[in-house]
Amino acid sequence: MNKIRWGILSTANIAQTELIPAIFRAKNAEVIAIASRGSKVHQVALDLNIPRAYENYDELLEDKNIDAVYIPLPNHLHKEWVFKAAKQGKHVLCEKPVALTAEEAHEMVQICKENNVKFMEAFMYQFHPQHARVKEIISSGEIGEVKLIRSSHSFYFQDRDGDIRMNQDMGGGSIYDVGCYSIHAIRNILQTEPIKIHVYAEIDSDTNIDTSAFAYMELENGVKALVDCSFDMVGRNEYEIVGTQGSIKVPYAFRPDRNGGVGHVIVKNENSIREEMLFGDIYCLEVEHFSQAILEDFQPIYSGESAINNMRVINAFYESIKTGKSVAVKR
C-alpha cells in the first residue's frame, strides 16, 4: 500500500475547502468516504468527487477500507469520536483544539495507544518551512539570546448569532479558536513549556465566552511570552522573537495559505533588515506527513503528549481568567 485511504467525519467547511482538496493534492493519500448526519452528504460527496457517502459517522468508521479519519467536528465532540475511531482501528487526525481539557486529551491519546493507531492534533501551520527556518536562525545566534516571544492571532468575527464559536458548551471562545495557535507556536519554536501564566479576558455578557484574551507567560527557559487573541480585532496571525542582538518576525505565521502559501521571515538588527520568503502548502504537508507516519510506522513530529501539554496551557488560561490571578501550569 502506498496511499492512505481517508474518511472524513463531517461536511464542515474546513473539511470541504481545505483538508479534502489537500488530500487530493497529496502524493500518499486519497479520500474515499465522507459522513454527515443526514442526506446532504450525498451531494457533498458528488460535488467533491468522493466515492462513498454515509449518513452517519458510525457507518463510515465500520468501513474496513478506510485507514485514517479526519475529525473536524465541534470541539466538544472530539473525545467521543476519537474514542470510536480508535476502537475501529482508524488512525486519527483531529482538528484543533484537540479537546476541552487536558484530562480529555490524555484519555484520547491513551485510547489511541491502546488500539495501536496514530493520533495527531491538526495544527497545520507548523508544517510550513518558515518555522524550521526561524529555529535555524535562533540556533545560529544571529539575534543573540532570546528574551521575549510574542504572538497575535485575531479576526473580526461577524455574523456571530448561532455560530458554535459563540457556544460555551461546545468549546467556543477566542482562546480555543485562535489563541491555541499562539500557545502552540511559542512552545514549538522555543521548544520549552510555560510554567506561569496571567490572563485577562473580555467576556461576552450573553454567551459567557471570551471574545478577546491577553496573556503574559513565563517559560521554563526564562524567556517571557505575550499572547493576544480576539474575535474583535482586524485579522492578524503573527509572532515575533526578540533577542539581545536582533529580532525575527513572521507576519503570516498561522495562515500563509491566505498569502498564496508564501511565508515571510523578517530578521532585524541594529544595522540591517533581511526578508526571506518560503513557500509551503500547509494542509497538503500535514496530510502527507501524517499519512507517511502511518505507512512507515513512525511517530508524527507533533506527538500526543505535546497536544496534552498544549491543553494544559489552555486550561491554565481559563483558570487565570476565572481567578483573576497568576497560575502555575499543571503537569
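A distance of 13.5 Å separates CD of E95 from CG of L77, quoted to the nearest 0.5 Å. Here the straight-line distance linking atom CE of M233 with atom NE2 of H153 works out to 12.5 Å at 0.5 Å rounding. A distance of 4.5 Å separates CD1 of I183 from CD1 of I314, quoted to the nearest 0.5 Å. The CD1 atom of I186 sits 11.0 Å away from the OG1 atom of T192 when rounded to the nearest 0.5 Å. Here CD1 of I143 is found 7.0 Å from OG of S247. Values are rounded to the nearest 0.5 Å. If you take CG on D159 and CE on M166, they are separated by 12.0 Å, rounding to the nearest 0.5 Å.
In summary, E218 and K224 do not engage in a salt bridge, as defined by a charged side-chain N under 4.0 Å from a carboxylate O. A salt bridge is defined here as a Lys NZ or Arg NE, NH1 or NH2 lying under 4.0 Å from an Asp or Glu carboxylate O, and E62 with K90 fails to meet this definition. Using a 4.0 Å cut-off between charged side-chain N and carboxylate O, D67 and K3 make no salt bridge. A salt bridge links R160 to D232: at least one charged side-chain nitrogen sits closer than 4.0 Å to a carboxylate oxygen. Taking the charged nitrogens against the carboxylate oxygens, E275 and K249 have no contact shorter than 4.0 Å, which rules out a salt bridge. Salt bridge D281/R25: present, at least one basic N to carboxylate O contact under 4.0 Å. Of the charged side-chain nitrogens involved, none lies within less than 4.0 Å of a carboxylate oxygen, so that R150 and D228 do not count as a salt-bridged pair. Using a cutoff of 4.0 Å between basic side-chain nitrogens and carboxylate oxygens, K322 and E319 are not scored as salt-bridged. In summary, E193 and K330 do not engage in a salt bridge, as defined by a charged side-chain N under 4.0 Å from a carboxylate O. Between E55 and R37 there is no salt bridge, since no side-chain N of the basic residue sits under 4.0 Å from a carboxylate O of the acidic one.
Residues H131 and Y125 are in side-chain contact: their nearest non-hydrogen atoms beyond the backbone lie under 4.5 Å apart. At least one side-chain heavy atom of H76 sits under 4.5 Å from a side-chain heavy atom of L100. Here the side chains of R52 and N65 are in contact, with some heavy-atom distance below 4.5 Å. Put simply, the side chain of I71 does not reach to within 4.5 Å of the side chain of I8, judged on heavy atoms.
Residue-environment remark: NZ (K196) stays at or below the threshold of 12 foreign heavy atoms within 6.0 Å. Residue H106 qualifies as open at atom NE2: its count of foreign heavy atoms under 6.0 Å is 12 or below. Heavy-atom neighbours of R331 CZ from other residues, nucleotides or ligands within 6.0 Å: above the threshold of 12. Within a 6.0 Å radius of CG in D47, more than 12 heavy atoms belonging to other residues, nucleotides or ligands are found. For K268, the NZ atom counts as loosely surrounded, since its 6.0 Å shell holds 12 or fewer non-hydrogen atoms of other residues, nucleotides or ligands.
Cluster membership for V178 and I197, using ILVMFWY side-chain heavy atoms within less than 4.5 angstrom, is not shared. Both V44 and V31 belong to a common hydrophobic cluster when Ile, Leu, Val, Met, Phe, Trp and Tyr are linked at side-chain heavy-atom distances under 4.5 angstrom. Using a 4.5 Å cut-off between side-chain heavy atoms of Ile, Leu, Val, Met, Phe, Trp and Tyr, with links allowed through other members, M170 and F317 fall into different hydrophobic clusters. Placement of I23 and I14 within a single hydrophobic cluster is found when ILVMFWY residues are connected by side-chain heavy-atom separations under 4.5 Å, directly or transitively. Neither Y252 nor F155 shares a network with the other; the hydrophobic side chains, linked directly or stepwise wherever heavy atoms of I, L, V, M, F, W or Y lie under 4.5 Å apart, form separate groups for each.
Within the 3.5 Å criterion, the main-chain N or O of D204 finds no donor-acceptor partner in the side chain of T211. No side-chain donor-acceptor contact under 3.5 Å links Q168 to the backbone of I209.
Inspection of the S174 and D177 side chains reveals no N or O donor paired with an N or O acceptor under 3.5 Å. Side chains of N188 and K135: a donor on one and an acceptor on the other come within 3.5 Å. Q16 and N13 form no side-chain donor-acceptor contact under 3.5 Å, judged by distance and modelled atom types alone. Defined by atom type and a distance below 3.5 Å, a donor-acceptor pair is present between the side-chain atoms of D63 and Y54. A side-chain donor from one of Y302 and E121 sits under 3.5 Å from a side-chain acceptor of the other. Between S230 and S154, the side chains place no donor N or O within less than 3.5 Å of an acceptor N or O (distance only, hydrogens not considered). One side chain, R312 or N309, offers a donor N or O that lies under 3.5 Å from an acceptor on the other. Counted by atom type alone, N28 and E288 present zero donor-acceptor pairs between their side chains at under 3.5 Å.
Proximity of the aromatic rings of Y216 and H198 is defined here by a centroid distance below 6.0 angstrom, and this criterion is not met. For Y318 and Y176, the ring centers are positioned less than 6.0 Å apart. Between Y156 and F231, the ring centre distance reaches or exceeds 6.0 Å. Outside the 6.0 Å centre-distance limit, the rings of F279 and H128 are not counted as a close aromatic pair.
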- Could you check N269 against S272 for side-chain hydrogen bond (donor to acceptor under 3.5 Å, both in side chains), going step by step and ending with a plain yes or no? CA-CA 6 Å; N269 59 40; S272 67; 3.1 Å; yes

- Query: Does the side chain to side chain contact (heavy atoms under 4.5 Å, CB included) test come out yes or no for N2 and L295, once each step is laid out?
  - Reply: CA-CA 7 Å; N2 59 6; L295 289 167; 5.6 Å; no

- Message: For L9 and L61: C-alpha separation, side-chain torsions, deciding distance, then whether side chain to side chain contact (heavy atoms under 4.5 Å, CB included) applies.
- Response: CA-CA 9 Å; L9 286 189; L61 294 179; 4.2 Å; yes

- Start with the C-alpha distance between E114 and K87, add both sets of side-chain angles, then the distance that settles salt bridge (Lys or Arg N to Asp or Glu O under 4.0 Å), and finish with yes or no. CA-CA 9 Å; E114 290 169 9; K87 289 178 179 179; over 6 Å; no

- Task: Tell me, with the steps shown, if I189 and I138 meet side chain to side chain contact (heavy atoms under 4.5 Å, CB included).
- Result: CA-CA 9 Å; I189 296 301; I138 293 172; 3.9 Å; yes

- Message: If you apply the rule side chain to side chain contact (heavy atoms under 4.5 Å, CB included), what do you find for V242 with K147, and how did you get there?
- Response: CA-CA 6 Å; V242 182; K147 292 292 186 179; 5.7 Å; no

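Classification of the H91-F290 ring pair by plane angle, with boundaries at 30° and 60°, yields perpendicular. Using cut-offs of 30° and 60° on the angle between ring planes, the pair F123 and Y181 is perpendicular. Ring-plane geometry between Y57 and W81 is classed as perpendicular, the angle between the planes exceeding 60 degrees on a 0 to 90 degree scale with a lower cut at 30.
Minimum heavy-atom separation, A102 to N315: N-OD1, 2.9 Å. In terms of heavy-atom proximity, A12 sits nearest to S10 at N-OG, 2.9 Å. Taking both residues in full, the closest heavy atoms of Y239 and A253 are given as CD2-CB, 3.5 Å, listed atom of the first, atom of the second, then distance. Minimum heavy-atom separation, M124 to F254: CE-O, 3.5 Å. S320 approaches V199 most closely through the heavy-atom pair OG-N, 2.9 Å.
With sequence neighbours left out, the side chain to side chain donor-acceptor pair (under 3.5 Å) criterion links E107 to K79.
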